[in-house]
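Since we're looking at a predicted model, the values are computed, not measured. Residues take their numbers from the sequence shown, with the count starting at 1.
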Amino acid sequence: SIQDKEASYSKSQAKQIMAKFFREFPPTGFNRKHTGGKPGARYVTGDLQTRKGKFRVSFLLKNQNGKFIVHQLNIEKD
């Protein structure tokens, strides 16, 4: 979900949506607040600073065939 728009996307759709978000809100920094999880899944929360404001970010990574992939991503205006 990005700013109250929640849906499931294919990898190519997600790349396009993230590219559009970062074009609109160019990042200037990220401050990781917390990490955790277990061997098959990890999560990270933090603050994303952009030229147009600050966002709360959380994402969940899951291990798939030995690689961690983004399973869930949330970006909310702070």
Side-chain angles (χ1 to χ4, degrees):
S1 69
I2 298 178
Q3 297 186 19
D4 300 326
K5 295 177 186 172
E6 187 172 327
S8 294
Y9 300 105
S10 70
K11 184 177 180 177
S12 63
Q13 288 173 314
K15 283 182 178 182
Q16 291 175 4
I17 291 165
M18 292 304 301
K20 180 181 177 189
F21 175 83
F22 286 122
R23 276 193 307 273
E24 187 175 343
F25 300 97
T28 58
F30 182 78
N31 183 24
R32 184 174 35 185
K33 296 285 189 181
H34 189 71
T35 59
K38 54 187 178 181
R42 306 254 190 248
Y43 66 91
V44 177
T45 62
D47 295 321
L48 173 67
Q49 292 81 31
T50 75
R51 291 184 191 162
K52 295 184 177 181
K54 187 171 155 185
F55 294 85
R56 287 187 306 264
V57 176
S58 63
F59 56 94
L60 174 65
L61 306 171
K62 287 198 174 181
N63 189 332
Q64 190 173 50
N65 299 323
K67 293 184 194 178
F68 280 94
I69 60 164
V70 176
H71 182 73
Q72 189 175 61
L73 171 69
N74 296 300
I75 302 174
E76 301 172 340
K77 188 80 170 151
D78 196 17

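The NZ atom of Lys15 lies 13.0 Å from the CD1 atom of Ile17; values are rounded to the nearest 0.5 Å. Summarising the geometry, atom NZ belonging to Lys62 is positioned 8.0 Å from atom NZ belonging to Lys38; distances are rounded to the nearest 0.5 Å. For the atom pair Ser8 OG and Gln13 CD, the distance stands at 10.0 Å (nearest 0.5 Å). Distance check: Asn74 CG to Glu6 CD gives 7.0 Å after rounding to the nearest 0.5 Å. For the atom pair Lys33 NZ and Arg56 CZ, the distance stands at 11.5 Å (nearest 0.5 Å). Here CG of Leu60 is found 12.0 Å from OG1 of Thr45. Values are rounded to the nearest 0.5 Å.
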Test Met18 against Leu73 for side-chain contact (heavy atoms from CB on, under 4.5 Å), laying out the working first.
CA-CA 10 Å; Met18 292 304 301; Leu73 171 69; 3.5 Å; yes

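You'll find the side chain of Pro39 stays beyond 4.5 Å of the side chain of Asn63, heavy atoms only.
At least one donor-acceptor pair under 3.5 Å links the side chain of Thr28 to the backbone N or O of Gln49.
Heavy-atom contacts from other residues, nucleotides or ligands closer than 6.0 Å to NZ of Lys77 number more than 12.
For residues 17-42, the ring pair (Phe, Tyr, Trp, His ring centres under 6.0 Å) pairs, not counting sequence neighbours, are Phe21-Phe25, Phe21-Phe55, Phe25-Phe55, His34-Tyr43.
There is no path of hydrophobic side-chain contacts, each under 4.5 Å, that joins Ile69 to Leu61.
When each of Ile2, Ile75, Val44, Asp47 is tested with Val57 by the rule side-chain contact (heavy atoms from CB on, under 4.5 Å), just one qualifies, namely Ile75.
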